[in-house]
Each structure stands twice: as C-alpha cells, then as structure tokens.
Amino acid sequence: EAGVAQSPRYKIIEKRQSVAFWCNPISGHATLYWYQQILGQGPKLLIQFQNNGVVDDSQLPKDRFSAERLKGVDSTLKIQPAKLEDSAVYLCASSLDGGAGNTEAFFGQGTRLTVV
Amino acid sequence: GQNIDQPTEMTATEGAIVQINCTYQTSGFNGLFWYQQHAGEAPTFLSYNVLDGLEEKGRFSSFLSRSKGYSYLLLKELQMKDSASYLCAVRRTGANNLFFGTGTRLTVIP
C-alpha cells in the first residue's frame, strides 16, 4: 500500500515570498490533516478535511495560510507571505474514517521549509 | 483547552526497560496514541488506548488511566534503533483529531 506522498521535501524561500506544499493521501482515506512541526516540538494541527470539507481550521493563521482539498483527494497548503517563524516541517497525514475507534493517522515524510 | 506533559529527554541502556510517562488535560477525550518519530522522518503509529489498562504489542506496551489523565509507554529489551522521539497524543471528541505533546527524545546507549 502506498503511503502519504508529499512534495517538495525541502524548500528555502525568503520572507514575504509565497510557497505551496502538495499532499496525496493514502487511497480511500477520507480524512486529511496538515500539521506544522517546529524543531523540538510536537506536531500542531493546522487544518483537517473530511473529504473536501473543512472539519477544523481553528489553529490555521488564516491571514497568511490557506488550504484546499479539491475533489476530496489531493490537498495543497499555501503560505503567503511567509515569515521567519514559519520555518518548520509541514506534515500531511490521512486516516480512513476520521479518527473513530483505533484508526490511526498515517503521516507523510513532510516538507521542511526554511524561511530566510 | 488541552495540555500534555512528557519528559523532554531520557537515556537508557541497550537491553534495558524504559518507561515514558505522559500526563494530559483535555476537555473531551476520545483515545490516547503513542507515535515514534526518528530524526528527520515521519511519525509512525505505535499504540492506542481508549479504555483503562495495559495494551501490549511485542516489545512495546502502553497503559492508560483516564481518571488520572495519565499514560505511559513501556519499551522492553531496548535496541539501538529505538533511539527516537516518542510522541504522546490525545484524540479530542468532536473533530476527532490529535493533539500532540512535545515528545520525549530517547537515547539508547550501549
């Protein structure tokens, strides 16, 4: 079974520039999550989709971050404009049924963003 | 709101047993997860508890006490490859997403 695919693996941009990350979840997984992991910290949820609808975006800085999941499969996360504090690993994860029971979330390898 | 506390770092000897503790406060609880994360890699699922008690899976066991807001991950017969960060996460009711702690970085020494 193919895992969660993310691209790019690494990205370096200057502050105030824009950047986009792409995620392809495991086939058949209805729920998709974007997490931000700053060095030395645990992952922090940015946004959660169920199919193509947003379930939770309470911690998404909406003045600069946006995400979409058209057709309920792939997703993109965009930052515009980027700030130095956005330097982090952006992890995409997916789960089969939205987290009921012991269904775990499967994580992609992440995109390491450095803002200079 | 939510809060998770776990030790920042631990060191243990190859072949030994180590227990990583996690205490949590949450307004709605729907299960506790442990993930392993090697440096530069994605978190991978280790265990899940929703009822009180011990869940055993090979060299790894996880315990939960909901009344105390407490869990631990027990690793037996430690191997060098167990050197990693161990993330405790609480699944919240409603949206059913995971709130993670900052993780415990375990170093296994010969």
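Naming: A, B, ... by sequence-line order, numbering from 1 per chain. Below, each value reflects all heavy atoms present in this structure, side chains not excepted, and no hydrogens, waters or symmetry copies. On a predicted model such as this, the values are computed, not experimentally measured, just so you know.
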Discussion item. Run the side-chain contact (heavy atoms from CB on, under 4.5 Å) test on A:Ile47 and A:Phe49 for me, step by step, so that the C-alpha distance in whole Å, both residues' side-chain angles and the decisive distance to 0.1 Å come before the verdict.
Written reply: CA-CA 7 Å; A:Ile47 189 167; A:Phe49 292 95; 3.8 Å; yes

Discussion item. Please classify the contact of A:Gln6 with chain B as side chain, backbone, both or neither, using a heavy-atom distance under 4.5 Å.
Written reply: neither

Discussion item. If you count every heavy atom of other residues, nucleotides or ligands that lies below 6.0 Å from A:Gln80 atom CD, does the total exceed 12?
Written reply: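 No - once you tally the heavy atoms of other residues, nucleotides and ligands closer than 6.0 Å, there are 12 at most.
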
Worksheet item: Under a 4.5 Å heavy-atom cut-off, does chain A meet the side chain of B:Phe99, its backbone, both or neither?
Response: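 B:Phe99 has no heavy atom closer than 4.5 Å to chain A.
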
Discussion item. Between B:Leu98 and chain A, with a heavy-atom cut-off of 4.5 Å, which part of the residue counts as in contact: side chain, backbone, both or neither?
Written reply: both

Fill in: Rounded distance (nearest 0.5 Å) linking atom CG of B:Leu106 with atom CD of B:Gln36
9.0 Å

Worksheet item: Picking from A:Arg112, A:Gln37, A:Lys44, which has the most non-hydrogen pairs under 4.5 angstrom with chain B?
Response: A:Gln37

Worksheet entry | Top contributor to chain B contacts, counting heavy-atom pairs under 4.5 Å, from A:Pro43, A:Gly110, A:Gly108, A:Ala105 | A:Pro43

Worksheet item: Between B:Glu14 and B:Lys81, is there a salt bridge with N-O shorter than 4.0 Å?
Response: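 So B:Lys81 does not pair with B:Glu14 through a salt bridge.
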
Worksheet item: Is a salt bridge present between A:Lys62 and A:Asp57, judged by a nitrogen-to-oxygen distance below 4.0 Å?
Response: yes

